[in-house]
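What follows is a set of notes on a single structure, which appears directly below.
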2 protein chains.
Amino acid sequence: MDIQGLPGRLLADLGPAIASGELPAGTVLRSEELEVRYGVSRTVVREAVRILESMRLVTSKRRVGITVQPKSDWDVFDPMVIRWRLAGADRSAQLRSLGSLRVAVEPAAAALAARQATDDQRRELGALAVELTVTARAADLTSFLQHDIAFHATILRASGNEMFAHLGDTVGAVLTGRTEHHLMPHQPRPYAVRLHREVADAICAGDAEQAEQAMRTIVVGALEELNVTVD
Amino acid sequence: MDIQGLPGRLLADLGPAIASGELPAGTVLRSEELEVRYGVSRTVVREAVRILESMRLVTSKRRVGITVQPKSDWDVFDPMVIRWRLAGADRSAQLRSLGSLRVAVEPAAAALAARQATDDQRRELGALAVELTVTARAADLTSFLQHDIAFHATILRASGNEMFAHLGDTVGAVLTGRTEHHLMPHQPRPYAVRLHREVADAICAGDAEQAEQAMRTIVVGALEELNVTVD
DNA sequence: CTTCGCCTAAAGATATGACTTATTCAAGAC
DNA sequence: GTCTTGAATAAGTCATATCTTTAGGCGAAG
């Protein structure tokens with residue numbers, strides 16, 4: 001998942017530092033400074049910086065140094081940037097943005113899925129809905145989370161749109177972050193679970209309209225819950 | 001906009017080659033081969049490869065080489081990947097995916113914009129709608145495109161959601177690609193222009209419902225037009 | 001004949017020193 | 001005060017050496 005090797009370690013340190021605002025926009029780093037700080041060679045520093053540059057977190061200019069860019073320039077769709085921000089100080093802003101994105105995308109994906117999911121995918125959704133019901137009842141948050149992620153990812157994949165499909169990981173990160181940071185009730189709300197079942201049934205039955213509506217209720221609910229729970 | 005320097009040139013060559021399918025998944029490159037092919041040093045090759053790796057277009061493993069990854073692994077939201085694909089062979093698939101994304105996102109953004117756009121933004125939208133009307137009438141496709149891009153970008157920005165805002169460039173790329181590849185009528189349809197005016201008016205008036213509806217009509221229309229026009 | 005584990009060569013990963021180039025900033029000319 | 005020029009600086013590039021990982025072969029054991 002992550003970049004490996006020494007550049008990976010640099011990234012894992014610098015990325016979150018920038019994403020969390022610990023290194024604010026305008027901060028200038030010099031590559032030599034990074035070399036000594038991390039005890040690595042130029043090669044390694046340059047590769048790490050290049051990657052940060054491709055995410056638009058920094059720019060590197062001769063005679064100036066490595067400058068942290070303002071948040072508005074960041075490539076906010078980059079999976080790594082999303083993870084870093086979710087882990088850091090503006091988790092709340094990030095969750096809200098992602099929440100709105102989910103409200104826009106997931107109902108559309110559910111409707112598409114109802115039309116063109118494969119039989120296997122429909123079966124899998126049914127099975128996942130069952131799992132969700134069981135683990136919710138047992139208050140097994142770990143398993144619930146895992147199946148919830150799979151549920152949403154399957155629908156996004158079944159939509160047949162590659163861009164929607166790729167949001168599966170992102171949504172997974174959101175759900176994980178929400179659970180890890182205790183923005184979830186200790187036991188999933190029965191109402192929410194019922195809605196998941198409803199989405200699965202609608203998709204199995206090919207009822208795009210109902211799938212879309214039920215999914216919209218889920219993600220709108222999640223977004224509203226965020227406004228109640230988060231700081 | 002682009003990565004500069006020698007690694008940039010490597011990227012500008014390899015990226016499109018991979019994105020267009022010219023180098024299919026499974027193709028293995030060796031870094032020494034790239035060094036001689038492009039007449040650059042290891043440093044340069046490694047940095048370029050690292051960036052491709054961070055976009056998940058390739059993986060680099062010891063004793064194996066640099067392997068092109070299947071399309072399903074690519075980071076399809078990366079702006080550079082989007083541009084490369086729009087320029088290449090699967091432009092049509094890319095346009096379709098982006099079209100669905102627009103259908104999901106832009107109506108939501110319009111609704112949000114109607115609620116929380118600044119006065120300046122509302123004014124700008126009004127002005128842009130006028131420009132669209134005028135340039136459409138004059139069949140000045142270049143100016144029309146420019147204002148159309150600004151129109152959609154402004155709404156996405158006015159939504160107050162940073163992730164929506166970042167899709168401005170992407171939508172711009174879609175509109176540009178559509179015009180450049182003659183997937184547009186020679187004169188913008190009066191109906192479409194009227195809808196833009198309607199969106200602008202609704203946002204100015206703070207009517208979220210109408211802004212959303214009109215915008216949906218626009219993007220659904222664009223998507224359908226794609227299905228008619230494209231191969 | 002199969003399976004396991006060791007060995008080796010291949011290819012990337014990292015380190016390093018020398019050199020190049022672009023850019024800023026300031027001193028000096030007009 | 002503005003323009004020019006040049007020196008200082010920090011990143012960019014190159015070439016080379018060395019380290020590290022690992023696929024795949026080979027042989028011994030079962």
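As a basis for the values below, the full set of heavy atoms in this structure was taken, side chains included, without hydrogen atoms, waters or symmetry mates. Letters A, B, ... are given to chains in the order of the sequence lines, protein chains preceding strands, and every chain is numbered from 1.
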Donor-acceptor list for residues 122-130 of chain B side chains, cut-off 3.5 Å, not counting sequence neighbours:
{"from": "Arg122(B)", "atom 1": "NE", "to": "Ala117(B)", "atom 2": "O", "distance (Å)": "3.3"}
{"from": "Arg122(B)", "atom 1": "NH1", "to": "Ala114(B)", "atom 2": "O", "distance (Å)": "3.1"}
{"from": "Arg122(B)", "atom 1": "NH1", "to": "Ile203(B)", "atom 2": "O", "distance (Å)": "2.5"}
{"from": "Arg122(B)", "atom 1": "NH2", "to": "Ala117(B)", "atom 2": "O", "distance (Å)": "2.9"}
{"from": "Arg123(B)", "atom 1": "NH2", "to": "Asp120(B)", "atom 2": "OD1", "distance (Å)": "3.2"}

Legend entry - Contacting residues from residues 6-14 of chain B, given that a heavy atom lies under 4.0 angstrom of DNA chain C: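 None, since no heavy atom is under 4.0 Å.
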Legend entry - Residues touching DNA chain C, which here means a heavy atom under 4.0 Å, drawn from residues 35-48 of chain B: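 Arg42(B), Arg46(B) - these, ordered by number, are the residues of the stretch whose heavy atoms sit under 4.0 Å from the strand.
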Every protein N/O within reach of nucleotides 4-6 of chain D N/O, cut-off under 3.5 Å:
none

Inset, instruction - Check each of Val49(A), Val81(A), Val68(A), Asp73(A) against Leu57(A) using the side chain to side chain contact (heavy atoms under 4.5 Å, CB included) test, and report the only one that passes. - result: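 Output: one option passes, namely Val81(A).
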Legend entry - Option from Leu141(B), Asp140(B), Asp148(B), Thr135(B) for which side chain to side chain contact (heavy atoms under 4.5 Å, CB included) with Pro188(B) holds: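 The residue from Leu141(B), Asp140(B), Asp148(B), Thr135(B) that satisfies side chain to side chain contact (heavy atoms under 4.5 Å, CB included) with Pro188(B) turns out to be Leu141(B).
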Inset, instruction - Step through it carefully: locate the ring centre of Phe77(A), locate the ring centre of His166(B), and say whether they are under 6.0 Å apart. - result: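 No, too far apart.
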Hey, can you pull the donor-acceptor pairs under 3.5 Å for the side chains in residues 171-180 of chain A, sequence neighbours left out?
{"from": "Thr176(A)", "atom 1": "OG1", "to": "Gly172(A)", "atom 2": "O", "distance (Å)": "2.8"}
{"from": "Thr179(A)", "atom 1": "OG1", "to": "Leu175(A)", "atom 2": "O", "distance (Å)": "3.2"}

Inset, instruction - Would you name the heavy atoms of Leu86(A) and Arg91(A) that are closest together and state the gap between them? - result: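 Here Leu86(A) and Arg91(A) meet closest at O-CD, 3.1 Å.
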Inset, instruction - At the 4.0 Å heavy-atom cut-off to chain A, mark where contacts on DNA chain C begin and end, going 5' to 3'. - result: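 Under 4.0 Å from chain A, the extent on DNA chain C is dT14(C) to dT24(C).
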Legend entry - Side chain Asp90(B), main chain Ala93(B), donor-acceptor under 3.5 Å: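 No; judged by distance alone, with no hydrogens or angles, the pair does not exist.
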Inset, instruction - Mind calculating the distance between CD (Glu53(A)) and P (dA11(D)) to the nearest angstrom? - result: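 Checked: the CD to P distance equals 12 Å.
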Inset, instruction - Take the protein atom CG of Leu29(A) and the nucleotide atom P of dT9(D), then report the distance between them rounded to whole Å. - result: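 Distance, rounded to whole Å: 19 Å.
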Distances for protein N or O near nucleotides 21-26 of chain D N or O, under 3.5 Å:
{"from": "dT21(D)", "atom 1": "O4'", "to": "Arg62(B)", "atom 2": "NE", "distance (Å)": "3.0"}
{"from": "dA23(D)", "atom 1": "N3", "to": "Arg63(B)", "atom 2": "NH1", "distance (Å)": "2.8"}

Inset, instruction - List in chain and number order the residues that pass side-chain hydrogen bond (donor to acceptor under 3.5 Å, both in side chains) with Gln121(B), two or more places apart in sequence or in another chain; answer none if no residue qualifies. - result: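 In terms of side-chain hydrogen bond (donor to acceptor under 3.5 Å, both in side chains), with neighbours along the sequence ignored, Gln121(B) is linked to Thr118(B).
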Inset, instruction - Report the residues that fulfil side-chain hydrogen bond (donor to acceptor under 3.5 Å, both in side chains) with Ser97(B), sequence neighbours left out, ordered by chain and then residue number. - result: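 Once residues adjacent in sequence are excluded, the partners of Ser97(B) under the side-chain hydrogen bond (donor to acceptor under 3.5 Å, both in side chains) criterion are Glu162(A).
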Legend entry - Partners meeting ring pair (Phe, Tyr, Trp, His ring centres under 6.0 Å) with Phe144(B) (sequence neighbours left out):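 Partners of Phe144(B) under the ring pair (Phe, Tyr, Trp, His ring centres under 6.0 Å) test: none.
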Inset, instruction - Under the ring pair (Phe, Tyr, Trp, His ring centres under 6.0 Å) rule, collect the residues that match up with Tyr38(B), sequence neighbours excluded. - result: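 Counting only residues at least two positions away or on another chain, Tyr38(B) forms no ring pair (Phe, Tyr, Trp, His ring centres under 6.0 Å).
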Donor-acceptor contacts under 3.5 Å from residues 102-110 of chain A side chains, at least two apart:
{"from": "Arg102(A)", "atom 1": "NE", "to": "Glu106(A)", "atom 2": "OE2", "distance (Å)": "2.5"}
{"from": "Arg102(A)", "atom 1": "NH2", "to": "Glu106(A)", "atom 2": "OE2", "distance (Å)": "3.1"}
{"from": "Glu106(A)", "atom 1": "OE1", "to": "His152(A)", "atom 2": "ND1", "distance (Å)": "2.7"}

Inset, instruction - Determine: side-chain N/O of Ser60(A) to OP1/OP2 of dG12(D), distance under 4.0 Å, yes or no. - result: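 Ser60(A) to dG12(D) OP1/OP2: side-chain N or O found under 4.0 Å.
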Legend entry - Modelled atom types, side-chain donor and acceptor of Ser92(B) and Arg96(B), under 3.5 Å: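 Indeed, the side chains of Ser92(B) and Arg96(B) share at least one donor-acceptor pair under 3.5 Å.
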Inset, instruction - Decide, yes or no, whether a salt bridge links Arg50(A) with Glu53(A) under the criterion of side-chain N to carboxylate O below 4.0 Å. - result: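 Judged by the 4.0 Å cut-off on N to carboxylate O distance, Arg50(A) and Glu53(A) do form a salt bridge.
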Legend entry - Under-4.0 Å salt bridge between Asp75(A) and Arg56(A):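 Between Arg56(A) and Asp75(A) there is no salt bridge, as every charged N stays at least 4.0 Å from the carboxylate O atoms.
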